[in-house]
Chemist: 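Let me begin by handing over the structure; questions about it come next.
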Amino acid sequence: MYQNNAMNAYRLAASSSLSDREADAECFRRLIATLESAAHETDVIQRNQALAKNQRLWSLIQRANAVEAGMVETEDRLLFARMADQAQRYGIRAILDPTLSLAPLIDTARNVLEGLEMAISEG
């Protein structure tokens, strides 16, 4: 009886859980919202918190693509690593220069989100 209830609970959770791409897309949606909010603020602390979030996400992407795990083609891994490097470099510059626009970071995140949404819809 308990085993049957546990199995039903697992099936319910599994059917409503996000795929890897959906989870990635949600991360980028949240990053975009955070960066857009910070772009229209004069509060340096909020801006730096948004930029720190940007740095953490791209750092995770860079680390995930640094090792050949056979899950992503080499060409795509190199593209992701290059994008992560550029986003992090710009993020550092934006931290050091509060007048620097966040638009390039927002545009990059939107482009990745569009690609993920396309992959999800084809999926």
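Everything numeric in this text was worked out from a predicted model, so none of it was measured.
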Chemist: Which pair of heavy atoms, one from Ile95 and one from Gln55, lies closest together, and at what distance?
Modeler: CD1-CG, 4.5 Å

Chemist: Under the criterion side chain to side chain contact (heavy atoms under 4.5 Å, CB included), I'd like the reasoning laid out for Thr108 against Phe28: C-alpha separation, chi angles, the key distance, then a yes or no.
Modeler: CA-CA 10 Å; Thr108 300; Phe28 276 98; over 6 Å; no

Chemist: Is any side-chain N of the basic residue among Glu26 and Arg30 closer than 4.0 Å to the acidic one's carboxylate O?
Modeler: yes

Chemist: Between Arg77 (side chain) and Asn65 (backbone), is there a donor-acceptor pair under 3.5 Å?
Modeler: yes

Chemist: Minimum heavy-atom separation for Leu35 to Leu102, with atom names?
Modeler: O-CD1, 3.7 Å

Chemist: In Å and rounded to the nearest 0.5 Å, what is the CD to SG distance from Glu22 to Cys27?
Modeler: 12.0 Å

Chemist: Nearest 0.5 Å, what's the CG-CE distance between Leu113 and Met118?
Modeler: 10.5 Å

Chemist: Might you point out which heavy atoms bring Arg47 and Ala94 nearest each other, and give the distance in Å?
Modeler: NH2-O, 3.2 Å

Chemist: Ignoring hydrogens, what is the shortest heavy-atom contact between Glu36 and His40? Give both atom names and the distance.
Modeler: O-CD2, 2.9 Å

Chemist: So which atom in Gly91 and which in Asn54 form the shortest heavy-atom distance, rounded to 0.1 Å?
Modeler: CA-ND2, 4.4 Å

Chemist: Counting only N and O atoms by type, is there a donor-acceptor contact under 3.5 Å from the side chain of Ser37 to the main-chain atoms of Thr34?
Modeler: no

Chemist: I'd like to check the ring pair (Phe, Tyr, Trp, His ring centres under 6.0 Å) partners of Tyr90; sequence neighbours left out, ordered by chain and number.
Modeler: none

Chemist: What side-chain donor-acceptor pairs closer than 3.5 Å can you find for residues 78-87, not counting sequence neighbours?
Modeler:
| from | atom 1 | to | atom 2 | distance (Å) |
| --- | --- | --- | --- | --- |
| Asp85 | OD1 | Arg89 | NE | 3.3 |
| Asp85 | OD2 | Arg89 | NE | 2.9 |

Chemist: Counting only heavy atoms from other residues, nucleotides and ligands, does the tally under 6.0 Å from CD1 of Ile45 exceed 12?
Modeler: no

Chemist: Checking Arg29 against Glu117 for the salt bridge (charged side-chain N to carboxylate O under 4.0 Å, His left out) test, could you report, in this order, the C-alpha distance in whole Å, the side-chain angles of both residues, the deciding distance, and whether it holds?
Modeler: CA-CA 11 Å; Arg29 280 187 205 98; Glu117 288 174 337; 3.3 Å; yes

Chemist: Would you please test Leu105 and Leu51 for side chain to side chain contact (heavy atoms under 4.5 Å, CB included) and show each step?
Modeler: CA-CA 9 Å; Leu105 295 175; Leu51 288 165; 3.5 Å; yes

Chemist: Specify the closest pair of heavy atoms between Asp97 and Thr99, including all atoms of both residues, with the distance to one decimal.
Modeler: OD1-OG1, 2.5 Å

